[in-house]
Visitor: 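Below: one structure in structure tokens.
Just so you know, these numbers use all the heavy atoms, side chains as well, and skip hydrogens, waters and symmetry mates. Just so we're clear, the structure is a prediction, and the values are computed from it rather than from any experiment.
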Amino acid sequence: MTKRIFATAIAAAVIATSLPTAGAANALTIVPTRTKGQAVYVGSTRVYPTGYNINDNNYFKLRDVGKLAGFGVDWNEDTRTVEISTTRTAPELTGITDTAVIGATAKPTDQRITVDGKEVSMTAYKIKGNNYVKLRDIGKTINFGVSFNMATKAVSIDPNGTYVEEVKQTPSTPTAAAITKWNSTMDEFNEEMIQNHSDKDKLLAIAAKYGPTITGKVNATTADVISALESMTGAPVDAISFDDKPVSLYWAKQLRKANGENIVEVDPDFVPVTDAMLRQWENEMIDSINAERAKAGLSALAKDDNVMKRAQAWAQHLTIEFRHSTWSEVEEFANSIGVDANSISGGENIVGGCFVEDDPVKTDMEKFMASAGHRATILDKDFTRVGVGFAVAADGRNIFCTQNFA
């Protein structure tokens, strides 16, 4: 905790935004919104619409926004028109999963967009066959509430609210002279903050001590210091929390906590694993198994409902205890579902330690095929049926998989 953090040149943040031109022909390289740390809420519920950052603006999948804000989205193949209906329904918070892909590209959409039959104009991009729009653009067009919390950096959607134009929040920006002073005292400031990291009162006292230097204001408040820290660029990477973010942002967050703000720690890369995702992975894994068998000249395995139940049950067991099942456990499970144990037993592969961002089906299948024993089970010519189970641990991240063959 005593590691010093040295500053290089720190300048006031200058944020430049630009709108994409309708005539742009080349595909743009884009990044998933989650990598920018953008959180989206409907009320107090965090949701995960698929989104991408394009030219410093966040664009979300139109169908996802429709589910969250309560409007219909349909596609008219005859007229190649995206048809939006403002018939309000209860927001559907289920089934929304961020499936943004790193390395995807975007092009301005070539499709018309109508709202209740009237054509509208808004900047939209097509990404992997879907239309993406800016939340404020669609909020203004449809008329639902959209707001941004400067403190938590979170976007909120109010399906029953009324759209209000954004009021730009301009943080205090230090003068050039203040920045020069900040640079000369950066090491000292960091050292004091590190040494008193767990004492809120002392952190506030340090902010008061360095406030005039950081902000250029004689009577700088803690809020002034926070705003100034958040507006600066060029700070060294934070060596305190090891999150690869500028240290100025880290100290700003700690001062917000010390000042009584409730800061919710959110992992921007976290994607919740749903039952729908688990079931989808199971079907994809069976396809992968049969693809490998086809390469080896073997017949495809049939998906068996009872073997599936066994695999799913054991995958859930793996989240608590990682080991192969015993014959007595197979018999016990078979009795519980009213079948003969021999009809659901033959071979078993298990694997764990994968995260959702690792592409569980691809990652786990590669592990199985790289292991001689697991590969032999998958390519056993005597098996005719298969079941696959995926389960996620209580931490919401670690994913486990069981393959059962019969």
Visitor: Please tell me if the side chains of Trp281 and Asp364 come closer than 4.5 Å, counting only heavy atoms from C-beta onward.
Guide: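 No; the side chains remain at least 4.5 Å from each other.
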
Visitor: How long is the span from the CZ atom in Phe60 to the CG atom in Leu68, to the nearest 0.5 Å?
Guide: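 The CZ atom of Phe60 sits 9.5 Å away from the CG atom of Leu68.
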
Visitor: Determine whether more than 12 heavy atoms belonging to other residues, nucleotides or ligands lie under 6.0 Å from atom CG of Asp110.
Guide: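 Enclosed.
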
Visitor: Under 3.5 Å, side chain of Arg375 to main-chain N/O of Ala370, donor-acceptor pair present?
Guide: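 No: the side chain of Arg375 does not pair with the backbone of Ala370.
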
Visitor: In Å and rounded to the nearest 0.5 Å, what is the CG to SG distance from Leu278 to Cys401?
Guide: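 The CG atom of Leu278 sits 10.5 Å away from the SG atom of Cys401.
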
Visitor: With a 4.5 Å cut-off on side-chain heavy atoms, are His374 and Met369 touching?
Guide: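 No, too far: nothing below the 4.5 Å cut-off.
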
Visitor: So how far is it from Phe400 CZ to Thr319 OG1, rounded to the nearest 0.5 Å?
Guide: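 With rounding to 0.5 Å, CZ (Phe400) is 6.5 Å from OG1 (Thr319).
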
Visitor: Considering only heavy atoms from C-beta outward, does the side chain of Ile289 approach that of Arg293 to under 4.5 Å?
Guide: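 Ile289 reaches Arg293 side chain to side chain.
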
Visitor: Without swapping roles, check the side chain of Asn196 against the backbone of Met193 for a donor-acceptor pair under 3.5 Å.
Guide: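 Here the side-chain-to-backbone pair does not exist.
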
Visitor: Counting only N and O atoms by type, is there a donor-acceptor contact under 3.5 Å from the side chain of Glu321 to the main-chain atoms of Leu318?
Guide: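 No, Glu321 side chain to Leu318 backbone: no donor-acceptor pair under 3.5 Å.
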
Visitor: Testing the 3.5 Å rule here: is there a donor-acceptor pair between the side chains of Asp116 and Thr86?
Guide: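 A pair is found: one side chain offers a donor N or O, the other an acceptor, under 3.5 Å apart.
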
Visitor: Would a 4.5 Å heavy-atom cut-off, applied to side chains only, mark Ile113 and Thr81 as touching?
Guide: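 The answer is no, as the side chains (C-beta and beyond) never meet within the 4.5 Å cut-off.
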
Visitor: Between Val386 and Asn404, is there a side-chain heavy-atom distance shorter than 4.5 Å?
Guide: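 Counting from C-beta outward, Asn404 and Val386 never come under 4.5 Å.
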
Visitor: Determine whether Glu83 and Lys118 satisfy the following criterion, salt bridge (Lys or Arg N to Asp or Glu O under 4.0 Å), listing intermediate values before the conclusion.
Guide: CA-CA 9 Å; Glu83 298 178 337; Lys118 182 179 179 181; over 6 Å; no

Visitor: With no hydrogens and no angle check, is any side-chain donor or acceptor of Glu348 less than 3.5 Å from a backbone partner on Ser325?
Guide: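 Checking the backbone N and O of Ser325 against the side chain of Glu348, a donor-acceptor pair under 3.5 Å is found.
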
Visitor: Walk me through whether Thr123 and Asp137 qualify under side-chain contact (heavy atoms from CB on, under 4.5 Å).
Guide: CA-CA 8 Å; Thr123 303; Asp137 281 1; 4.2 Å; yes

Visitor: If you count the non-hydrogen atoms of other residues, nucleotides and ligands that lie under 6.0 Å from NZ in Lys140, is the total more than 12?
Guide: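 Counting neighbours around NZ of Lys140, 12 or fewer heavy atoms of other residues, nucleotides or ligands fall under 6.0 Å, so no.
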
Visitor: Using a 3.5 Å distance criterion without hydrogens, assess whether the side chain of Asp158 forms a donor-acceptor pair with backbone atoms of Asn160.
Guide: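 Such a contact is found between Asp158 side chain and Asn160 backbone.
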
Visitor: For Phe71 and Ser85, work out which heavy atoms get closest and say how close.
Guide: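 Answer, listing the atom of Phe71 first, then Ser85: CB-O, 3.2 Å.
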
Visitor: Is it the case that the side chains of Gln316 and Gln312 hold a donor-acceptor pair, with the cut-off being a distance below 3.5 Å and no angle test?
Guide: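 No - no donor-acceptor pair under 3.5 Å links their side chains.
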
Visitor: Taking Trp314 for its side chain and Ile350 for its backbone only, find out whether a donor-acceptor pair lies under 3.5 Å.
Guide: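 A pair under 3.5 Å: no.
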
Visitor: Set out, in order, the CA-CA distance, both residues' side-chain angles and the distance that settles side-chain contact (heavy atoms from CB on, under 4.5 Å) for Leu301 and Arg385, then state yes or no.
Guide: CA-CA 5 Å; Leu301 302 178; Arg385 293 170 293 125; 5.9 Å; no

Visitor: Is it true that Tyr163 and Phe144 have ring centroids separated by less than 6.0 Å?
Guide: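 Tyr163 vs Phe144: aromatic centres not under 6.0 Å.
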
Visitor: So for atom CD, which belongs to Gln111, do other residues, nucleotides or ligands contribute more than 12 heavy atoms lying within a distance under 6.0 Å?
Guide: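 Yes, the 6.0 Å shell around CD holds more than 12 heavy atoms from other groups.
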
Visitor: Check whether the side chains of Glu366 and Thr363 place a donor and an acceptor atom closer than 3.5 Å, and report yes or no.
Guide: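 Absent: no donor and acceptor within the cut-off.
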
Visitor: Given the rule in the side-chain contact (heavy atoms from CB on, under 4.5 Å) test, do Trp75 and Arg80 qualify, once you have shown the distances and angles that lead to the verdict?
Guide: CA-CA 7 Å; Trp75 167 246; Arg80 293 193 59 77; 3.6 Å; yes

Visitor: Is there a donor-acceptor contact under 3.5 Å from the side chain of Asp358 to the main chain of Cys354?
Guide: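 Absent.
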
Visitor: Pairing donors with acceptors under 3.5 angstrom, does anything connect the side chains of Asn283 and Lys303?
Guide: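 Side chains of Asn283 and Lys303: pair found under 3.5 Å.
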
Visitor: If every non-hydrogen atom of Leu379 is compared with every non-hydrogen atom of Leu298, which pair is closest and at what distance?
Guide: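 Closest pair (atom of Leu379, atom of Leu298, distance): O-CD1, 3.0 Å.
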
Visitor: Do Phe405 and Phe383 have ring centres separated by under 6.0 Å?
Guide: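 Distance test on ring centres: under 6.0 Å, yes.
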
Visitor: Taking atom types as modelled, find out whether Thr109 and Asn131 have a side-chain donor-acceptor pair closer than 3.5 angstrom.
Guide: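 Asn131 and Thr109 do have a side-chain donor-acceptor pair below 3.5 Å.
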
Visitor: Check Ser345 against Val330 and note the closest heavy-atom contact, atom names and distance.
Guide: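 Taking every non-hydrogen atom into account, CB-CG1, 4.1 Å.
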
Visitor: Would you check if there is a donor-acceptor pair between the side chains of Thr377 and Asp380 at a distance under 3.5 Å?
Guide: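 Short answer, no.
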
Visitor: Check whether Asp224 reaches the backbone of Thr221 with its side chain - one donor and one acceptor, N or O, closer than 3.5 Å.
Guide: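 Pair found, side chain donor or acceptor close to backbone of Thr221.
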
Visitor: Does any N or O in the side chain of Asn76 come within less than 3.5 Å of the main-chain N or O of Asp78, such that one atom is a donor and the other an acceptor?
Guide: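 Such a contact is found between Asn76 side chain and Asp78 backbone.
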
Visitor: Determine whether Ile142 and Ile84 make a side-chain contact, defined as any pair of heavy atoms from C-beta on separated by less than 4.5 Å.
Guide: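 Yes, at least one pair of side-chain atoms sits under 4.5 Å.
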
Visitor: Within 45° of the axis and under 6.0 Å from the centre of the six-membered ring of Phe333, does NZ or CZ of Arg310 qualify?
Guide: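 No, Arg310 and Phe333 do not form such a contact.
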
Visitor: Are any side-chain N or O atoms of Ser227 and backbone N or O atoms of Ala223, one a donor and one an acceptor, separated by less than 3.5 Å?
Guide: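 Not at all, since once roles are kept as given, no pair shorter than 3.5 Å links the two residues.
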
Visitor: Just wondering, do Glu284 and Lys362 contact through their side chains at under 4.5 Å, heavy atoms?
Guide: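 Result no, sub-4.5 Å side-chain heavy-atom pair not found.
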
Visitor: Of all heavy-atom pairs between Pro272 and Met277, which one has the smallest distance, and what is that distance?
Guide: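 Heavy-atom minimum between the residues: O-SD, 3.4 Å.
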
Visitor: Parallel, tilted or perpendicular: which fits the ring planes of Tyr132 and Tyr52, with parallel below 30° and perpendicular above 60°?
Guide: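 Answer is perpendicular, since the angle exceeds 60°.
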
Visitor: Rounded to the nearest 0.5 Å, how far apart are CG of Leu255 and OG1 of Thr222?
Guide: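 Output value for this atom pair is 6.5 Å.
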
Visitor: Hey, mind stepping through Tyr48 and Val40 against side-chain contact (heavy atoms from CB on, under 4.5 Å) and telling me if it holds?
Guide: CA-CA 7 Å; Tyr48 298 85; Val40 182; over 6 Å; no

Visitor: Other residues, nucleotides and ligands only: do more than 12 of their heavy atoms fall within 6.0 Å of NZ on Lys202?
Guide: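 Result for NZ/Lys202: open.
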
Visitor: Can you measure from CD1 (Ile30) to CG (Asn53) and round to the nearest 0.5 angstrom?
Guide: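 Here the interatomic distance stands at 9.0 Å.
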
Visitor: Is the shortest heavy-atom distance from the side chain of Met365 to the side chain of Ser288 under 4.5 Å?
Guide: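 They are in side-chain contact.
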
Visitor: For the residue pair Leu62 and Val82, what are the closest heavy atoms and their distance?
Guide: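 The pair with the smallest heavy-atom distance is CD2-CG1, 3.6 Å.
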
Visitor: To the nearest 0.5 Å, tell me how far Ile206 CD1 sits from Asp201 CG.
Guide: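 If we round to the nearest 0.5 Å, Ile206:CD1 and Asp201:CG are 11.0 Å apart.
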
Visitor: Grab the two heavy atoms, one from Ala334 and one from Asp340, that are nearest each other, plus how far apart they are.
Guide: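 Answer, listing the atom of Ala334 first, then Asp340: CB-C, 4.1 Å.
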
